[in-house]
Amino acid sequence: MRILLIAGAFNSLTQRVHAELCDGGHQVNVELVTRETPLPEVVRRHDPELVVAPMLKTAVPREVWSAYTCLIVHPGPVGDRGPSSVDWAVHLGADRWGVTVLQANDEMDAGDIWATAECAVPEVGKSDLYRNEIADAAVEAVLTAVDRFASGTHRPQPQDTLPATARTGRSRPPLRQDLRRIDWHRDPTGTVLSKLRAADSQPGVRDELLGATWFLHGGHPEDTLTGRPGDLLATRCGAVCRATADGAVWIPELRPARRPGEPRPVKLPATLALGDRLPPLPEVPAPLDAPDTPRTWADIRYREEGPAGFLEFSFPGGAMSTDHCRRLLAGYRHACARPTSVLVLGGRRDFFSNGIHLNVIEAAADPAAESWDNINAMNDLVHAVLTTTDRLVVAALGGNAAAGGVMLALAADEVWCRAAVVLNPHYRLMGLYGSEYWTYTLPGRAGPEVAEQLTRRALPLTAAAGQRLGLVDRIVDCDPQEFGPQTAHLAVRLASSPAVHARIATKKAGREQDEAERPLAAYREHELARMREIFFDPDQPYHALRRAFVRKEPAAGTPAHLNPGAAGV
């Protein structure tokens, strides 16, 4: 079926719906929509059999929905209306939520219902929830709705005919900053966390700190450190710890308020954002093997279960700065010093990695130099994984990965993905040639022809498509919360298998043979020569593309690779 996706951005949900529909054999095109987009003209040009809107902030005009069936994906249960649905779910501490696929009409979120799906709401940030439980439910509902439409016999159900018990949601206003405001002297830690998590990626919680206005992004509980409510208590790995009425929270990122006439500020690690404003505070490290109780935040942890080691990490937005890469490399070396036969890299829910940290690069005094430092730090980490020959390394992707993050995963002996993962194994949309030894690992797994297609077409892949192409070795079909436990069970079984030591020996011999044919240093030298030319040439598109990306500048139109003629591999 010819399906047109219309969306405000090619975000994680739009990418996943696109990839899932392509896997289902549909011909899928995409148009990015703003208030200025002549949508009737655009839709007529595509002449689709069905229009699907996975993420749309503007109303579909009557001229479109009266001529084409337009399915709107609303991230809320039946009866829910308003633009802040997922924010409210986290803010109110809901246990269950849902997604409704409804037909566009004159009133936002009021159309006839084609499909619904429910999901759990764990204690995570809004963006994590959106990319995982909400996205799982959305894909389930979209695929059901598409099948029903294709049948030609299904009739959607008007909302006003549903019994009151079926309408579990209600119309809610936008969750504005006055409702998100934190009262540091009165709000307990649980309330503060709910407010921070409901705004973690966007828009952040507006607050006053150290004589300036900031937006706070993300929050994690701290059970040991205490102080006067509102005070900053400590720093850790770029985050700040701030006292609440009954405890404290860690805040990983801050974004300064925008000043008139200035470009949109970028979100940064909290200590980097505060800069000289930050008073002298103790840097309180968390041990790499810190237990879960008492609760304290750490972005890198190591643990063991019998013969298997687990190096878990989670960085906001999946971005890895020079500091992130160096600290993760130190953790990796610690893990490799332990007597295990299998080492699992990753394993947490949400993003695995999206490669270099474009926000930190953009904010640097010398973005070219920071780009260079960052890519070299990523290369050092990937090299360590590629040259580990005394154990098997498993990359466990509980969430999406892109660019250098995919190549980090491909450096492992096996790649395990949650079934819902979306992979973007390419760099060109940021104007980059790419590095992280991709010219060794990607053709080595997928073959030179497929590797060239993946990097040129720059389209998202499902985990299932990745497995068909040789990028993924195992798919774990489970809920987001179950990925860690299931991965652990599989890793312990692998580490305990009689064949594991023979596999390690075979791996070592294979690495030695590859090194003799062409050293890893040659791949690195070739890739970095290309990257250096890009980084240190101010006229290269990378610099404008990076700036537009981190400052969330609206796209001028739909990128060419999403237009008709672009197809999956």
Side-chain angles (χ1 to χ4, degrees), residues 5 10-12 14-30 318 346 351-356 358 375 378-379 382 385-386 395 397 399-475 514 523-524 526-528 530-531 534 541-542 545 549 558-569:
L5 301 186
F10 200 52
N11 72 341
S12 60
T14 308
Q15 290 182 31
R16 185 164 169 205
V17 170
H18 178 280
E20 294 276 3
L21 289 173
C22 287
D23 274 11
H26 300 286
Q27 178 185 329
V28 185
N29 293 317
V30 181
F351 282 125
F352 178 76
S353 170
N354 286 325
I356 59 176
L358 299 176
I375 201 65
M378 281 290 297
N379 274 301
V382 174
V385 178
L386 285 170
L397 282 64
N400 301 342
V406 176
M407 307 315 161
L408 171 60
L410 296 185
D413 302 298
E414 293 193 13
V415 177
W416 299 353
C417 289
R418 192 170 85 86
V421 160
V422 173
L423 302 172
N424 277 284
H426 52 80
Y427 300 85
R428 79 172 182 88
L429 300 183
M430 199 50 61
L432 295 173
Y433 176 75
S435 193
E436 295 101 1
Y437 300 88
W438 79 265
T439 54
Y440 171 67
T441 56
L442 190 59
R445 275 184 166 266
E449 183 179 344
V450 171
E452 191 277 333
Q453 290 175 337
L454 289 172
T455 54
R456 174 174 51 83
R457 293 178 175 177
L459 292 171
L461 300 172
T462 63
Q467 187 175 49
R468 290 194 299 272
L469 297 174
L471 308 185
V472 175
D473 300 288
R474 182 191 293 271
I475 292 178
D514 285 356
Y523 292 95
R524 180 169 181 158
H526 164 73
E527 294 168 2
L528 288 181
R530 298 285 297 272
M531 292 290 271
I534 294 169
Y542 159 69
L545 290 168
F549 177 80
T558 302
H561 73 291
L562 298 179
N563 283 333
V569 177

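This one's a predicted model, so the numbers in the text were calculated from it and none came from an experiment.
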So, taking the atom named OG1 in Thr558 and the one named CG in Leu5, what distance separates them when rounded to the nearest 0.5 Å? 11.0 Å
With sequence neighbours excluded, what pairs up with Asp473 under the salt bridge (Lys or Arg N to Asp or Glu O under 4.0 Å) test? Arg445
Minimal heavy-atom distance between Ala458 and His561, with the atoms involved, is O-CD2, 3.3 Å
Straight-line distance of Asp514 CG to Tyr523 OH, nearest 0.5 Å: 7.0 Å
Tell me the closest heavy-atom pair linking Ala446 and Ala451, and the distance in Å. CB-N, 4.5 Å
Test salt bridge (Lys or Arg N to Asp or Glu O under 4.0 Å) applied to Arg474 - qualifying residues, sequence neighbours left out: none
So, using side-chain hydrogen bond (donor to acceptor under 3.5 Å, both in side chains) as the criterion, who are the partners of Asn11 when residues are at least two apart? Thr14, Tyr130
Residue pair Ser435 / Asn379: nearest heavy atoms and the distance that separates them: OG-ND2, 2.9 Å
With Tyr433, which residues qualify under ring pair (Phe, Tyr, Trp, His ring centres under 6.0 Å), at least two apart? Trp438, His526
Find out whether Arg428 and Thr455 are in side-chain contact, i.e. whether some heavy atom of one side chain is under 4.5 Å from a heavy atom of the other. no
Side-chain polar contacts of residues 401-411 - donor-acceptor pairs under 3.5 angstrom, sequence neighbours left out - could you list them?
none

Set of residues satisfying ring pair (Phe, Tyr, Trp, His ring centres under 6.0 Å) with respect to Tyr542, sequence neighbours excluded: Phe535
What pairs of residues pass the salt bridge (Lys or Arg N to Asp or Glu O under 4.0 Å) test when at least one of them lies in residues 429-443, not counting sequence neighbours? none
Which residues pass the side-chain hydrogen bond (donor to acceptor under 3.5 Å, both in side chains) test with Asn424, sequence neighbours left out? Gln15, His426
At their closest point, which heavy atom of Ala419 faces which heavy atom of Ala463, and how far apart are they? O-CB, 3.8 Å
Among all residues two or more places apart in sequence or in another chain, which pass the side-chain hydrogen bond (donor to acceptor under 3.5 Å, both in side chains) test with Thr439? Glu527
Tell me, which pairs form a salt bridge (Lys or Arg N to Asp or Glu O under 4.0 Å) where one or both residues lie in residues 462-472, sequence neighbours left out? Asp23-Arg468
Partner of Leu423 under side chain to side chain contact (heavy atoms under 4.5 Å, CB included), chosen from Leu469, Val415, Asn400, Leu397: Leu397
Would Leu562 and Leu459 count as a side-chain contact (heavy atoms from CB on, under 4.5 Å) here? Give the steps. CA-CA 8 Å; Leu562 298 179; Leu459 292 171; 3.7 Å; yes
Taking the side chain as everything from C-beta on, heavy atoms only, tell me whether Val382 gets closer than 4.5 Å to Thr441. no
Partner residues of Glu414 under the salt bridge (Lys or Arg N to Asp or Glu O under 4.0 Å) criterion, sequence neighbours left out: Arg503
How close do Gly355 and Ser353 get, heavy atom to heavy atom, and via which atoms? N-OG, 3.1 Å
Excluding sequence neighbours, so at least two apart, what forms salt bridge (Lys or Arg N to Asp or Glu O under 4.0 Å) with Arg16? Glu20, Asp136
Shortest non-hydrogen contact from Leu471 toward Pro425: CD1-CG, 4.3 Å
Step by step, work out the side-chain contact (heavy atoms from CB on, under 4.5 Å) result for Leu461 and Val472. CA-CA 11 Å; Leu461 300 172; Val472 175; over 6 Å; no
